[in-house]
Amino acid sequence: MSNMKVVEKLIELLSAEQVNTNADDLYDAAADRYKKYAKARKVLDVPSPLAIVYPKSTEEISTILTFCNENGVNVIPRGGKTATEGGLENWKETTIVLDALHLNKIIKIDSYNSQATVQAGVALQDLEDELRKIGFTTGHSPQSKPVAKFGGLVATRSIGQFSTLYGGIEDMVVGLECVFPNGHISRIKNVSRRAGGPDIRHVAIGNEGTLCYITEVTVKIFKFFPDNNKFYGYLVKDVETGISVLREVMVNGYRPSVARTYSEEDAAQHFYHFYKNKCVLIFSAEGNKGIVEATCKGIQEAVEKFKDGIIEQVDSKLIEDWFNHLNWSQKDIDDEIEGMLENDSHAGYTTEISADWETIPKIYNNVMKRVREEYPRAHDLTMLGGHSSHSYINGTNMYFVYNYDIHCAPEDEMMVYHHPMQKIIVEETIKAGGSMCHHHGIGKFRSEWTQDEHGSAYYMLEQLKNVFDPKGIMNYGTIFPQEEGIKKYIK
Ligand SMILES: Cc1cc2nc3c(=O)[nH]c(=O)nc-3n(C[C@H](O)[C@H](O)[C@H](O)COP(=O)(O)OP(=O)(O)OC[C@H]3O[C@@H](n4cnc5c(N)ncnc54)[C@H](O)[C@@H]3O)c2cc1C
C-alpha cells in the first residue's frame, strides 16, 4: 500500500481531525530528546512519520493496530514526549505515531482501596493534583512529572525521586489494559496480589511500545503527610563515603523517601550555593509521624557511623528548597534547547546504570579512569560527574552526568560526543555485572547492547517479541537490536 493510501485509510478508519499530517509536527515527531540538538538545528537524519494519529478509545487503538499489522506499518506509541533514549525516534519510511492525547480521563480515584485508574494520556501531575486535594499522593515523582503521561511512565519502567520509599512504577501498577498488534485487548485485573502464573503485568511494564499499546493503568495511592517531611543535607569527603552512608541506612531497614549522594562535579551544578567543592549527601523522610521519627534516627545513626567522612551538615531548608524546584515543566524543557543553540553546548546528558553496593563505586571509578584515558573529545568536556539517587537493600544506581561544548557538525554530535561516552559507561557496567539502564529504558540508543545486558535471558525477551509482535510493527529499533538501523542512524 502506498504511503498516501495509508493516510487515506487512517482517515477512513477514524476521522480527518484525528490524523495529523502537518509537516512541522511530523518533523517534531521524527525524534525525541536524544537528538534534540540536531532536531533543533533542523538537520535530523531520520524519516518523518506519515501521520500522527489521535485515537479516542481502546477500540480505536485496536482498529488502528490491526490495520498497521496487516499492512506492515510501523507504529510508535507516544505519550508526554519526554523520552530520552530514542524510544520515539523513527527509523522506518512507513511509520505512524499513535498519540495518547485524547485518552486523558482520570477514570476512578478509590481512596478506600488505595488505588486510582487513569487512561494512558493522563499526565502524572494531573492525577497528583487531584489526589493532593483529598490528602493522597501517587508517590511517583520523576523530574518530568508535569509533562510525562501514564502510558509512557509505565512503558519506560520509570522511577521517581521518592522511590526509596514508594518504589518504581513497577511497584505501583496494580492492573492495566493494553492492546496488541493483532488488535487483541487484554485487561489485567486489579488485585492486591496473586499467584496465578507469571506476573503478566511485566509484559506491558517496560515494553517501550515494542509489544503492546498501554491504554489504561491502575496505580496504588498513598496517604500524604507533607507537614511531617524532614530534610537532611551533608557535605562529604568523597563519593564512596556518600554511598557507604546510603547503604548503612538501607541495610538497616529504613526507607527514607530520598537518599542521594552527588560527586563534587555534579554537586556544583545543583548545590553551587553551598557545596564548597565537596560531594553532597541528602535525605528526606516522609510518612506518618512515627515512621518519620524512626527514619530520621536511622539517618543520623548512619551519618554518625561514617563521621570521619562527613565534613559538615547543611541547613535543611536549603535541601527542601532545592526539592521544591526540581521538576521540569514543558517551558523548562524548551528553554534548555534554546540554551544549547545559543552556546553550542550540551548540558546534562545522562547515562544511568545500577549494580550492587560493592560494585557501584568500582564502576564509577573505572568509568572516570577510562574517560580520562580514552575519551576522544576530552578537551570539549565541560563536566563529568554523577550521583546515586535510587537505593535498594542490595544496591543502588549511578547517574552519570556529562556536559560538553559542541565543535562538530550538528548532525554528528551524538556520534562524536555522546556515543563514545555512553559506550564506556555501558561496557564498564556490563563487565562488572551491573545493568546498563536503571530507569530511562533502552530506547534505540542502547539497543546495540541489549543482548549483552541480558545474556542467556535474552532468549526470553526475544520470544516475547516473536509472540506478541510477530510482524515487527511495534516501534522498530527500540529495545530489540536492528543492525541496519544501528549502522545507519547511530554509528
Ligand atoms: C526533564 C526530564 C526529566 C526526567 N526525569 C525522569 C525521572 O526522574 N525518572 C524517570 O524514570 N524518567 C525521567 N525522564 C524520562 C522520561 O520522562 C520517562 O521515560 C517517562 O516515563 C516518559 O513518559 P512520556 O509520557 O513522556 O513517554 P514518551 O516520551 O511519549 O514515550 C516514551 C516511550 O514509551 C513508549 N510509550 C509511550 N506511551 C505508550 C503507551 N501508551 N503504550 C506503550 N508504549 C508507550 C514510547 O513509544 C517510547 O518508547 C525525564 C525526562 C525529562 C525530559
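Note that the structure is a prediction, hence the values are computed from the model and not measured. Whatever order the structure lists them in is the order used to number ligands and atoms, beginning at 1.
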Counting only nitrogen or oxygen atoms and a 3.5 angstrom limit, does [X] reach ligand 1?
X    : value
L88  : no
W328 : no
P142 : no
S141 : no
I76  : no
A120 : no
I333 : no
P77  : yes
R157 : no
S144 : yes

On the 0 to 90° scale, with breaks at 30° and 60°, tag the H387-Y399 ring pair as parallel, tilted or perpendicular.
-> parallel
On the 0 to 90° scale, with breaks at 30° and 60°, tag the H438-H390 ring pair as parallel, tilted or perpendicular.
-> parallel
Which part of [X] is near ligand 1, with near meaning a heavy atom under 4.0 Å away: side chain, backbone, both or neither?
X    : value
K81  : backbone
H440 : side chain
D32  : neither

More than 12 non-hydrogen atoms from neighbouring residues, nucleotides or ligands closer than 6.0 Å to NZ on K36, yes or no?
-> yes
Would one find more than 12 heavy atoms of other residues, nucleotides or ligands at under 6.0 Å from atom NZ of K230?
->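 Atom NZ in K230 is not crowded, with 12 or fewer foreign heavy atoms closer than 6.0 Å.
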Quick one: nearest non-hydrogen protein atom to [atom], plus distance?
atom                    : value
atom 49 (O) of ligand 1 : E208 O, 3.2 Å
atom 8 (O) of ligand 1  : Q143 N, 3.0 Å
atom 19 (O) of ligand 1 : T156 OG1, 3.3 Å
atom 24 (P) of ligand 1 : G80 N, 3.4 Å
atom 11 (O) of ligand 1 : I159 N, 2.9 Å
atom 37 (C) of ligand 1 : G152 CA, 3.6 Å
atom 51 (C) of ligand 1 : T82 O, 3.4 Å
atom 41 (N) of ligand 1 : I214 O, 2.9 Å

Mind checking whether [X] and [Y] have side chains closer than 4.5 Å, heavy atoms only?
X    : Y    : answer
Y402 : H418 : yes
N207 : F468 : no
V147 : I333 : yes

[X]/[Y] ion pair, N-O < 4.0 Å:
X    : Y    : result
K220 : D171 : no
D344 : R41  : yes
E453 : R446 : no
R33  : E336 : yes
E216 : R187 : yes

Need the ligand 1 atom indices (1-based, order shown) with element for anything under 4.0 Å from a heavy-atom of [X].
X    : result
C212 : 43 (C)
A155 : 34 (O), 35 (C), 36 (N), 43 (C), 44 (N), 45 (C)
S158 : 11 (O), 21 (O)
A83  : 29 (O), 32 (C)
G79  : 25 (O), 28 (P), 30 (O), 37 (C), 38 (N)

Any sub-3.5 Å donor-acceptor pair from [X]'s side-chain atoms to [Y]'s backbone N or O?
X    : Y    : value
T215 : E177 : yes
K444 : G86  : yes
W91  : N475 : no

Taking the non-hydrogen atoms of N475, is any one of them nearer than 4.0 angstrom to ligand 1?
-> yes
Among E411, E85, E89, salt bridge (charged side-chain N to carboxylate O under 4.0 Å, His left out) partner for K35 | E89
